[in-house]
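See structure below.
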Amino acid sequence: MIITRFAPSPTGHLHIGGARTALFSYLYAKHCKGKFFLRMEDTDQERSKPEFAESIIQDLKWLGIVWDNDVIPYQSQRLTIYQKYLDELKENNFAYEKEGAYFLKGHEALEDFIIFKSSGMPTFHFAVVIDDHEMGVNTIIRGVDHLTNTDKHRHLYKCLGLPIPEYYHIPLIVDENSKPLSKRRNDSNMDYYRENHFFPEAVFNYFARLGWGYQNQEIFSKEELIELFDVKKTSKNPARFDPRKLSWVNIQYLKIASPDKIKIYGYQNINMLIKLSEKENTKKLLLNELQQKAISLQELNDMCRPFIDNKELDTTLFNEYGEFISAIIPDVIELVKNIASWSIDEINTDVHKFMDEKSLGMKEMAMPLRVILTGQKKSLDLNSILFYLGKDEVIDRLNRAKEFV
RNA sequence: GGCCCCAUCGUCUAACGGUUAGGACGUUGCCCUCUCAAGGCAGAAAUACGGGUUCGAUUCCCGUUGGGGCCGCCA
């Protein structure tokens with residue numbers, strides 16, 4: 001059985017590169033019907049912080065990466081285990097002490113290297129090998145920055161007489177200048193995407209496609225990725241992180257997101273509209289239409305506002321249309337009153353008839369009305385605005401606009 | 001510098017050794033049109049270079065160039 005793992009060191013938040021390594025390891029394990037484990041490598045006592053471990057755990061959960069081990073091993077708590085293996089190496093004359101630290105003897109192509117620090121902590125090289133063995137990890141997916149460490153790790157396995165795992169080194173993620181993504185960039189950490197309300201499925205999807213592809217497909221569910229992903233088919237060259245494409249993927253998920261999926265983000269206007277839509281089917285259609293135009297939950301929230309609330313309409317844009325309001329609005333009110341059946345088609349027909357009579361073009365008609373009715377310039381098409389607002393509400397808002405001038 | 005890894009449109013990627021080298025993001029133009037970081041359509045855009053192997057190379061081999069990584073009592 002394939003067993004992979006993700007072993008971050010809790011010295012910072014979960015980085016994009018780490019997230020993708022975790023994702024690949026998870027996906028590959030599940031693809032092979034194997035297991036995926038999580039472990040914390042906190043042998044650097046100076047820089048490791050419990051809050052970072054917690055943050056990494058939260059980000060992984062958010063992404064939808066689930067590990068199969070019930071307890072997450074922390075290397076700092078496993079000293080006696082490492083000690084045992086160190087004793088074995090000492091007994092077999094593979095390791096020796098120097099200035100309070102322990103070194104492993106290398107070979108022709110490998111210099112002696114330190115495995116136990118004088119502080120009493122194992123080094124990364126030692127702990128990683130012991131832990132992977134103890135946890136049964138047989139497939140290691142990690143960044144190419146570990147490539148040259150592999151010689152040391154293999155040698156360690158040999159000295160210990162343990163089976164050597166399969167290694168896959170995945171390329172780094174780089175920025176627009178092909179340089180490694182700086183950890184200082186705010187968008188290079190996972191918590192940025194969580195806090196900015198990206199859909200985790202979208203981020204998951206985007207990272208899976210960064211270094212891997214399947215035919216002409218762009219959008220994959222987690223299940224599809226598990227089915228299709230194979231680490232052996234991943235690209236070998238560095239992948240450039242493209243926030244614009246991530247955004248595009250996120251928009252694709254926004255378009256199809258169910259009310260339940262959106263609700264949890266707690267946006268006031270959206271949630272109000274969802275609440276209304278539970279009783280009223282047209283509101284459901286409205287929400288869906290708005291989702292097709294919005295590019296983020298924040299924007300969707302703005303776009304929902306005119307449709308749930310008629311007391312606090314934003315009137316700041318009204319000034320631009322003062323002339324229109326005093327000249328046309330009274331007639332528009334009559335027009336709306338006379339629309340017999342409140343359907344998109346009927347609204348469309350009557351509005352056009354009206355414009356013909358008044359010799360008005362859509363350009364002169366639609367934007368002023370849109371602003372008067374919604375307070376916004378970006379919204380649905382005019383017919384839909386009228387339709388979803390409802391006859392009474394439209395008339396009400398037109399009357400109020402009249403008073404505004 | 002030493003050791004190692006990599007190389008398809010600007011970017012992410014497809015292509016059992018035989019394809020008009022495909023898709024997506026971005027970009028350009030057009031359409032829709034009343035708004036748009038929405039939608040539709042169309043276009044420009046790539047096999048780094050040089051040698052082999054082969055009837056045939058994006059694909060296999062070698063070299064060059066270019067990019068990257070590692071060379072910590074960090075992980």
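Letters A, B, ... are given to chains in the order of the sequence lines, protein chains preceding strands, and every chain is numbered from 1.
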When only distance counts, do a donor and an acceptor, one from the side chain of A:S119 and one from the base of B:rC73, lie under 3.5 Å apart? no

Need one value for A:P180: base, sugar-phosphate or nothing, where a base atom within 4.0 Å counts as base even if backbone is also close, heavy atoms only. sugar-phosphate

For atom NZ of A:K391, is the number of surrounding heavy atoms from other residues, nucleotides or ligands below 6.0 Å larger than 12? yes

Pair A:R5 + A:E41, salt bridge at N-O below 4.0 Å: no

The Watson-Crick or G-U wobble partner of B:rA14, with both key distances under 3.5 Å, is none

Paired with B:rA37: which nucleotide, if any, by Watson-Crick or G-U wobble criteria at under 3.5 Å for both distances? none

To the nearest Å, give me how far apart CD1 (A:I173) and P (B:rG68) are. 17 Å

Could you check which nucleotide pairs with B:rA42 in any of the strands shown, counting Watson-Crick or G-U wobble with both distances under 3.5 Å? B:rU28

How many Å lie between CG on A:D112 and C1' on B:rC71, as a whole number? 15 Å

Under 4.0 Å, heavy atoms only, any strand: does A:T43 hit a base, just the sugar-phosphate, or nothing? sugar-phosphate

Can you tell me, in whole Å, how much space there is between the P of B:rG2 and that of B:rU64? 13 Å

Exactly one of A:W212, A:Y28, A:F220 clears ring-ring contact (aromatic ring centres under 6.0 Å, His included) with A:F229, and that residue is A:W212

Partners passing salt bridge (Lys or Arg N to Asp or Glu O under 4.0 Å) against A:K377 (at least two apart in sequence or in another chain): A:E320

For nucleotides B:rC6 and B:rA48, find the distance between their P atoms and express it as a whole number of Å. 15 Å

Between OH of A:Y82 and P of B:rA75 the distance, given in whole Å, is 11 Å

Quick one: ring-ring contact (aromatic ring centres under 6.0 Å, His included) partners of A:Y102, sequence neighbours excluded? none

For A:K363 and A:E299, take the nucleotide of RNA chain B holding the closest heavy atom to each; which residue's nucleotide lies nearer the 5' end? A:K363

Charged N to carboxylate O under 4.0 angstrom, A:K293 versus A:E299? no

Counting side-chain heavy atoms from C-beta on, which of B:rU35, B:rG39, B:rA75 comes nearest to A:R370? B:rU35

Rounded off to whole Å, could you give me the CZ-to-P distance for the A:R47 and B:rC73 pair? 13 Å

C1' atom, B:rG18 versus B:rU13: distance in rounded Å? 22 Å

What is the distance, to the nearest angstrom, from the CZ atom on A:F220 to the P atom on B:rA24? 13 Å

Counting any heavy atom closer than 4.0 Å, what does A:L380 reach on the DNA or RNA strands: base, sugar-phosphate only, or nothing? base

For A:D87 and A:K90, run salt bridge (charged side-chain N to carboxylate O under 4.0 Å, His left out): C-alpha distance rounded to whole Å, both residues' side-chain angles, the deciding distance at 0.1 Å, then the answer. CA-CA 5 Å; A:D87 290 344; A:K90 284 195 286 188; 3.7 Å; yes

Would you mind telling me which residue lines up with the more 5' stretch of RNA chain B, A:F116 or A:S178, judged by nearest nucleotide? A:S178

For the P atoms, the ones on B:rA46 and on B:rC62, what distance do you get once it is rounded to whole angstrom? 28 Å

Between B:rA37 and B:rC25 - C1' atom distance, rounded Å: 13 Å

For A:H169, which contact category applies under a 4.0 Å heavy-atom criterion: base, sugar-phosphate, or nothing? nothing

What integer number of Å spans the P atoms of B:rA45 and B:rC9? 14 Å

State yes or no: are the ring centers of A:H169 and A:H146 separated by less than 6.0 Å? no

Separation of the C1' atoms in B:rA57 and B:rU19, to the nearest angstrom: 14 Å

Positive for ring-ring contact (aromatic ring centres under 6.0 Å, His included) with A:F126, one of A:F116, A:F103, A:Y157: A:F116

Under a 3.5 Å cut-off for both contacts, is B:rC49 paired Watson-Crick or G-U wobble with anything, and if yes, with which nucleotide? B:rG63

Under a 3.5 Å cut-off for both contacts, is B:rC9 paired Watson-Crick or G-U wobble with anything, and if yes, with which nucleotide? none

Heavy atoms only, 4.0 Å cut-off, all strands: where does A:E364 land among base, sugar-phosphate and nothing? nothing

Given protein heavy atoms under 4.0 Å, the one-letter contact record of nucleotides 1-16 of chain B, with B base, S sugar-phosphate only and - none, is simply ---SSSSS--SBSS--

Between B:rC36 and A:S379, is there an OP1 or OP2 to side-chain N/O distance shorter than 4.0 Å? no

Distance between the C1' atoms of B:rC16 and B:rU59, in whole angstroms? 11 Å

When both hydrogen-bonding distances must be under 3.5 Å and the geometry is Watson-Crick or G-U wobble, what is B:rC3 paired with, if anything? B:rG69

Any side-chain N or O of A:K117 below 4.0 angstrom from OP1/OP2 of B:rA75? yes

